[in-house]
Structures are given as structure tokens and as C-alpha cells.
Trainee: 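One structure, as C-alpha cells, below. Some questions next.
Position 1 is the first residue of the sequence; numbering continues from there. Note that the structure is predicted; figures quoted are calculated from it, not measured.
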Amino acid sequence: MSTVEATQIRSYGHFIGGRSVPPSENIIERVSPADGRVVATFTAGTRADAALAVAVAREAFDEGEWPHWTAMDRGRALLRCAGLMREHEERLARIDAEESGKPITLARGDVGASIELFEYAAALAMTMHGEAHTALGDDCTAMVVREPAGVVGMIIPWNFPLLLLAQKLPFALGAGCTAVVKPSEFTSGTAVELARLLTEAGIPDGVVNVVTGAGTEVGAPLAESSLVDILSFTGSTATGKRIVEASAGSVKRLSMELGGKAASVVFDDADLDDALDGVLFGVFFNQGECCVSGARLLVQDSIADAFLAGLVEAAGRIRVGGPLDDASELGPMIDAGHLEKVLGHIDAARRDGATVLTGGDRLCGENWGSGHFVAPTILDGVAEESAAFQEEIFGPVLTVTRFSDVDHAIRLANATEYGLAGSIWTKNIDKALRVAKEMRSGRVWVNTTIDGAPQLPAGGMKQSGFGREMGQAGFDEFTDVKTIQIRTGPRQRVFPNWTGGNR
């Protein structure tokens with residue numbers, strides 16, 4: 001396997017009004033979670049910076065040309081950007097890998113999927129349309145039209161910096177909206193790079209703006225501003241609740257993808273080799289720093305012991321390493337604070353009676369240095385009422401709970417406040433459809449996991465949020481529906497005794 005060499009330190013300022021703003025003296029240093037090396041610096045944005053970007057986006061929408069471009073022209077611009085992204089694919093992947101700590105092979109997959117999202121959003125833009133109602137009577141014709149909703153604020157998390165932005169931005173742009181993007185202060189590089197590529201692709205100045213910095217300084221003003229029409233947020237449920245409160249004064253539309261605690265339900269009639277591979281991928285993909293991570297294994301008790309033995313053996317072969325090594329399959333936690341949080345969850349599960357089958361500790365020594373690495377961890381005997389079962393750990397930690405029958409499995413799958421995703425492993429189609437219908441999750445996978453396509457919408461139920469991204473539903477999130485009704489011919493008088501001067 002080849003190893004990608006480290007790049008020099010990148011320095012980013014904001015991107016506002018179609019131009020790169022020189023970095024300020026007040027900067028955020030992004031330290032690699034793998035080795036402590038500074039890989040990038042970002043301007044620590046202020047409320048004034050956020051307000052400027054919002055004003056620019058507002059003017060670009062109210063006075064600019066972008067909302068009035070034809071659907072075909074907007075789609076062509078997105079396709080040009082997709083082509084530029086493909087030209088810079090390796091650079092974008094390297095930036096995300098260095099800043100987030102994810103293995104470079106996963107980062108390449110994220111970039112490829114992001115390009116596909118731009119291409120699909122371009123197709124939706126080109127086919128944007130309304131409805132005509134011509135059977136309302138001979139004297140009545142009506143149109144239901146979709147219009148761009150306005151200025152969109154976007155708050156992006158650190159676990160999939162480019163991909164989660166691509167689940168929002170091209171759909172908003174395709175609909176004719178303008179945007180202000182607030183990326184994570186850990187992983188802002190690809191957001192600024194993408195804004196530059198969009199400008200190169202011909203998107204007018206001011207349509208896409210990026211302000212880097214902390215949530216309190218940059219994210220909160222987007223939620224509060226009356227000049228922002230929609231706020232699209234991906235992140236924790238706790239932060240999402242604060243955004244709902246902050247946005248109340250402006251009564252803006254919200255689209256929220258929040259926390260998750262997905263279950264992987266393995267029945268005794270599953271293809272157990274496929275299920276083992278899927279469960280392993282579902283929890284350890286992206287270091288478990290994934291909102292749809294299959295962090296809870298619900299396994300039928302008749303096969304549990306043998307299935308767990310296979311899981312433990314397979315988990316021991318996962319290659320943990322630095323993000324720029326092509327051989328790495330699992331990278332470090334995003335930062336020291338998150339590392340301690342994940343280890344704290346594991347310790348709490350031990351105290352609650354869980355058995356550590358493998359992992360459970362920080363990886364130290366010559367191979368990992370000062371990096372924030374957690375060994376792939378499997379916890380058996382996790383009770384339904386325990387914090388490890390109920391709370392989002394967001395790390396490479398799999399909890400195991402056994403069930404007896406289908407009803408028991410459904411009850412356990414729905415026994416958390418979250419409802420973002422879930423996976424079912426069975427070869428019985430009747431059982432699969434029953435469980436899928438009764439699982440309270442925005443996405444359900446059968447005999448696969450963390451799967452998808454640009455055409456398929458994603459979003460949550462319960463405490464996992466509301467609104468949808470991707471698919472036609474994700475495009476429609478950024479449009480307003482307007483009804484135009486036209487009466488023709490003489491008007492039937494409501495007040496027939498009125499004798500006005502106009503006859």
C-alpha cells in the first residue's frame with residue numbers, strides 16, 4: 001500500500017462575495033488528531049463576519065441574477081463544478097483526511113460521493129417544475145409553482161466535512177437559493193476550497209459564502225438572523241435544540257439532522273457471513289464518528305455466542321493507523337476531548353456490568369504516538385437501560401444486546417430517543433418488511449448498512465430531527481410553494497345589488 005505524503009500547512013480566511021478574504025490575526029490552528037502536527041489554520045470568525053456574509057448572500061438573492069437564471073443554466077453550473085471537483089479529487093480527499101483524521105481511502109470515497117451529489121442536484125435543477133391545474137372549471141386555471149426559498153444558512157459538522165456539505169449546498173443552489181456556510185472549526189478546508197471551485201464554475205459572486213470559526217460566533221448568528229430564510233443543520237441533538245431556540249425569534253424554516261443510535265438487528269436466519277461483515281462495517285466505518293453508525297448490535301440469542309466470536313476475531317484484524325496511510329482502515333478520534341468522552345463511555349459501560357470482549361482502551365506506543373486512537377471495542381451484555389445503550393458514543397464502540405424473537409427485537413430497536421437509521425439482517429422477506437415498517441427510523445437498510453444513493457432522501461424521526469436531504473425531497477427543502485389562481489371571463493358578482501360606476 002502506498003502512503004500519501006503530508007502537505008504543507010494550509011491557511012484559510014473566509015470566502016465572501018466571490019473572493020477569498022485574507023486570514024485574520026485571530027486564527028484557529030487545526031492539529032492533526034493522528035500526530036499533533038499543525039495541518040491548517042482558519043480565521044476565527046466573529047459575529048460581524050457572519051453578519052457581513054449574510055448581508056452579501058441576501059443582496060445576491062434579492063438583487064442578483066442567480067435566482068433568475070434558467071433551470072438549465074443553474075444545472076450546467078453545478079455540472080461544471082462537479083468536473084472541477086473531479087480534477088481536484090485527490091487534493092480534496094487529502095484535506096479532509098488530514099483535518100478529520102479519517103483514512104485517506106475513506107476520504108476519497110467521500111469526495112466521489114460528493115461529486116455524484118452535485119451531478120444529481122444538477123439534474124434536479126434542470127427539471128425543476130411546478131404543476132398546472134386545468135380541470136377546475138372552464139373559467140379557472142391554476143398553477144402551483146416552486147420558487148427558491150431565499151438565503152440558506154448551513155452548519156456542517158466535522159465527521160464528513162465535504163460530503164455533508166454536498167448533501168445540502170448543490171440542492172439549495174440548484175433551486176436558486178444563495179448560501180452562507182459555517183463549517184466545523186476543526187475541518188473548514190474543503191468548504192473554502194469548494195466555494196472557490198463554485199466561483200470558477202461560474203456561480204455569481206455572493207451566491208456562496210463561507211465563514212469559518214466557532215459555533216457561538218458564527219453559527220448562532222445564522223440561527224438568529226431574520227435575513228436567513230432557512231437553516232440547515234447537521235450535528236448533535238443537544239446543539240440542535242439550542243438552534244431551535246435561537247431561531248424562534250425569526251421564525252425561519254429549519255432542516256435538522258441530529259444524533260443517532262442505530263441498531264443492527266441480526267436474526268438467526270440471516271446470511272451470517274454477510275451480517276458479520278455488515279455489522280463490522282456499520283460500527284467501525286469512519287471510526288464510528290458517524291450519525292448513522294450501527295452502534296447497537298441486537299443479535300438473536302440462539303446465534304449470539306458464535307456470531308460474537310466471529311466479530312471479535314474480525315475486529316482484531318482491523319488496521320488502525322494514520323489518515324495518510326493507504327493501509328489504514330480506522331483512524332483517530334477528532335480531538336483529545338472527544339477521545340476522553342469515548343473512553344468515558346466505555347468505562348461507564350464496564351461499571352454498568354458490560355463485558356469488554358475486545359478493545360476498550362486507548363492505543364498508545366510506537367505505532368500510534370500521541371494520536372487519539374481508540375481500539376475497536378465490543379461490549380457484551382449491555383442492558384437496555386444503560387447509558388451505553390441509550391446515548392450516542394460516536395466512536396468505534398459496539399454494544400451487544402440479545403433478543404429472543406421478532407417482537408423483542410422491534411421493541412429494543414425502538415427503545416431509544418433516536419430514530420435516524422437502522423439495519424436488518426434476515427433472509428425472510430416477511431420478517432424484513434415487518435421489522436422495517438415498525439422500526440421508527442428515517443432510513444432502514446435490509447441486508448446492507450450505511451448504504452445509499454443521491455436519489456434517496458435521508459433524515460430522522462423522534463430526537464434525530466426533521467427535514468430531508470438528498471433525493472427530490474432534499475431539493476424541495478430549499479423551495480417555496482406558491483399557488484397562482486386565474487379566473488377568466490365575466491365575474492359572478494358576490495354583491496349583486498352593488499351599483500358601481502364601472503359597468
Trainee: Please lay out, stage by stage, how Arg411 and Glu384 fare under the test salt bridge (Lys or Arg N to Asp or Glu O under 4.0 Å).
Mentor: CA-CA 10 Å; Arg411 187 182 66 76; Glu384 175 185 342; 2.9 Å; yes
Trainee: Does a side chain donor of either Gln463 or Glu417 reach within less than 3.5 Å of an acceptor in the other side chain?
Mentor: no
Trainee: So does Gly395 get a backbone contact from the side chain of His345, meaning a donor-acceptor N/O pair under 3.5 Å?
Mentor: no
Trainee: Before we go on, tell me: are the rings of Phe281 and Trp445 under 6.0 Å apart, centre to centre?
Mentor: no
Trainee: Give me the atom names and distance for the closest heavy-atom approach of Cys291 to Glu257.
Mentor: SG-OE2, 3.2 Å
Trainee: What's the shortest heavy-atom distance between Lys252 and Ile230, and which atoms?
Mentor: CD-C, 4.4 Å
Trainee: Can you list the steps and then say if Ser114 with Met85 is a side chain to side chain contact (heavy atoms under 4.5 Å, CB included)?
Mentor: CA-CA 9 Å; Ser114 299; Met85 292 168 70; 3.9 Å; yes
Trainee: Do Arg434 and Asp407 sit within salt-bridge range, that is, some charged N less than 4.0 Å from a carboxylate O?
Mentor: yes
Trainee: Are Met128 and Phe475 side-chain neighbours, meaning at least one heavy-atom pair lies under 4.5 Å?
Mentor: yes
Trainee: In sequence, state the C-alpha distance, the side-chain angles, and the governing distance for Lys427 and Phe267, and then conclude on side chain to side chain contact (heavy atoms under 4.5 Å, CB included).
Mentor: CA-CA 9 Å; Lys427 288 300 183 181; Phe267 290 95; over 6 Å; no
Trainee: Using the salt bridge (Lys or Arg N to Asp or Glu O under 4.0 Å) rule, pick out the option among Glu99, Glu193, Glu29 that qualifies with Arg10.
Mentor: Glu99
Trainee: Does this structure show an ion pair linking Lys482 with Glu147, if we count only N-O contacts that are shorter than 4.0 Å?
Mentor: yes
Trainee: Quick one about Thr234 and Lys168 (side-chain donor to acceptor, distance below 3.5 Å, no hydrogens or angles considered), yes or no?
Mentor: yes
Trainee: Any salt bridge linking Lys182 with Glu217? Criterion: basic side-chain nitrogen under 4.0 Å from a carboxylate oxygen.
Mentor: no
Trainee: Go through the structure and list residues passing ring pair (Phe, Tyr, Trp, His ring centres under 6.0 Å) with Phe15, not counting sequence neighbours.
Mentor: none
Trainee: Hey, are Asp110 and Lys102 close enough for a salt bridge, meaning a charged N less than 4.0 Å from a carboxylate O?
Mentor: yes
Trainee: Should the heavy atoms of other residues, nucleotides or ligands under 6.0 Å from CZ of Arg146 be counted, would the total exceed 12?
Mentor: yes
Trainee: Between the side chain of Thr178 and the main-chain N/O of Ala57, is any donor-acceptor distance below 3.5 Å?
Mentor: yes
Trainee: Measure across Leu165 and Met154 and return the closest heavy-atom pair with its distance rounded to 0.1 Å.
Mentor: CD1-SD, 4.2 Å
Trainee: Tell me the closest heavy-atom pair linking His408 and Phe403, and the distance in Å.
Mentor: ND1-CA, 3.3 Å
Trainee: Can you name the closest pair of heavy atoms from Arg47 and Ala220 and give their distance?
Mentor: NH2-CB, 3.7 Å
Trainee: Between Glu224 (side chain only) and Gly249 (backbone N and O only), is there a donor and an acceptor less than 3.5 Å apart?
Mentor: no
Trainee: Which pairs, with at least one residue in residues 65-92 and sequence neighbours excluded, count as a ring-ring contact (aromatic ring centres under 6.0 Å, His included)?
Mentor: Trp66-Trp69
Trainee: Looking only at side-chain N and O atoms, does Thr199 offer a donor or acceptor that is under 3.5 Å from a partner on Arg196?
Mentor: no
Trainee: Considering only heavy atoms from C-beta outward, does the side chain of Ile115 approach that of Glu89 to under 4.5 Å?
Mentor: yes
Trainee: Would you call Arg108 and Glu90 a side-chain contact if the rule is heavy atoms closer than 4.5 Å?
Mentor: yes
Trainee: Is there a donor-acceptor contact under 3.5 Å linking the side chains of Ser236 and Thr239?
Mentor: yes
Trainee: Closest heavy-atom contact between Asp96 and Ala107?
Mentor: CB-CB, 4.4 Å
Trainee: Is it true that Arg58 and Asp229 make a salt bridge, defined as a side-chain N closer than 4.0 Å to a carboxylate O?
Mentor: yes
Trainee: Evaluate the criterion side chain to side chain contact (heavy atoms under 4.5 Å, CB included) for residue pair Gln167 and Leu163; output intermediate values, then yes/no.
Mentor: CA-CA 6 Å; Gln167 289 182 192; Leu163 181 59; 4.2 Å; yes
Trainee: Do Ser184 and Pro157 come close enough that some side-chain heavy atom pair is under 4.5 Å?
Mentor: no
Trainee: In terms of side-chain geometry, is the basic nitrogen of Arg253 or Asp480 positioned less than 4.0 Å from the acidic oxygen of its partner?
Mentor: yes
Trainee: Side-chain donor-acceptor pair under 3.5 Å between Thr426 and Asp269, yes or no?
Mentor: yes
Trainee: Would you mind reporting whether Val180 and Val228 have side-chain heavy atoms less than 4.5 Å apart?
Mentor: no
Trainee: Checking side chain to side chain donor-acceptor pair (under 3.5 Å) for the pair Thr449/Ser423: CA distance, chi angles, key distance, verdict?
Mentor: CA-CA 6 Å; Thr449 193; Ser423 298; 2.8 Å; yes
Trainee: Any donor and acceptor pair, going by atom type alone, linking the side chain of Ser441 with main-chain N or O of Val444 inside 3.5 Å?
Mentor: no
